[in-house]
Amino acid sequence: MVEATEAEFEELVSEALDTIPPRLTSMMKNVFVVVVDEAPEPGLLGLYTGIPLTERGDWYAGVLPDRIEIYRQEHLAICDDHDQLREEIAVTVVHEIAHHFGIDDERLHALGW
């Protein structure tokens, strides 16, 4: 287990978001990322809630933003040091953003994520 303050963890999430190519981030619409201390279930590192870009149509208007949650305590529990924590956060951020783009877990695993 590694320790990181909320501010340190949020900075690592911010760093992970900064690694997403601008070409992709410019296509992200009506979504925000938030750090949550406790996961709703054990072992869950992140969660995307919303309507993926691939499922949005002409009807999509006035909808609340999609939400990507990154769970701090779950990350801290599985990591042994800050390098591993940085890597796990980056993988989680990419994974959840992929869901925003309509990529499901099966496809992500086939791609090595």
**Item:** Close side-chain approach of Glu8 to Leu12, heavy-atom, < 4.5 Å
**Value:** no
**Prompt:** Are Asp105 and His99 close enough that some pair of their side-chain heavy atoms sits under 4.5 Å apart?
**Reply:** yes
**Asked** Is there a donor-acceptor pair closer than 3.5 Å between any side-chain N or O of His95 and the backbone N or O of Leu47?
**Response** no
**Asked** Are Val94 and Leu111 co-members of a hydrophobic cluster defined by side-chain heavy atoms under 4.5 Å apart?
**Response** yes
**Prompt:** Heavy atoms, side chains only, cut-off 4.5 Å: are Ile97 and Ile20 in contact?
**Reply:** yes
**Asked** Does Asp66 use its side chain to pair, donor to acceptor, with the backbone of His100 at less than 3.5 Å?
**Response** no
**Fill in**
Rounded to the nearest 0.5 Å, the CG atom of Leu76 sits from the CE atom of Met1 at a distance of 5.5 Å
**Asked** What are the two closest non-hydrogen atoms of Ile70 and Glu96, and how far apart are they?
**Response** CD1-CG, 4.4 Å
**Prompt:** Are Val63 and Ile51 side-chain neighbours, meaning at least one heavy-atom pair lies under 4.5 Å?
**Reply:** yes
**Message:** Would you say that Pro65 contacts Asn30 through its side chain, given a criterion of any heavy-atom pair below 4.5 Å between the two side chains?
**Reply:** yes
**Asked** Hey, any chance Tyr60 and Phe101 share a hydrophobic cluster, counting ILVMFWY side chains that come within less than 4.5 Å of each other, even indirectly?
**Response** no
**Asked** Side chain of His75, backbone of Tyr71: donor and acceptor closer than 3.5 Å?
**Response** yes
**Item:** Qualifying residues under salt bridge (charged side-chain N to carboxylate O under 4.0 Å, His left out), relative to Glu69, sequence neighbours excluded
**Value:** Arg67
**Prompt:** Between Glu55 and Pro52, is there a donor-acceptor pair closer than 3.5 Å when you use the side chain of the first and the backbone of the second?
**Reply:** no
**Nonpolar side-chain network containing Leu45, other nodes, edges under 4.5 Å** = Ile78
**Request:** Check for a donor-acceptor pair, side chain of Arg72 on one end and backbone N or O of Ala4 on the other, with a separation under 3.5 Å.
**Result:** yes
**Request:** Could you tell me whether the side chain of Thr92 and the main chain of Glu88 form a donor-acceptor pair under 3.5 Å?
**Result:** yes
**Asked** In terms of hydrophobic clusters joined by side-chain contacts under 4.5 Å, are Val93 and Met27 together?
**Response** yes
**Item:** CD (Glu87) with more than 12 external heavy atoms under 6.0 Å
**Value:** no
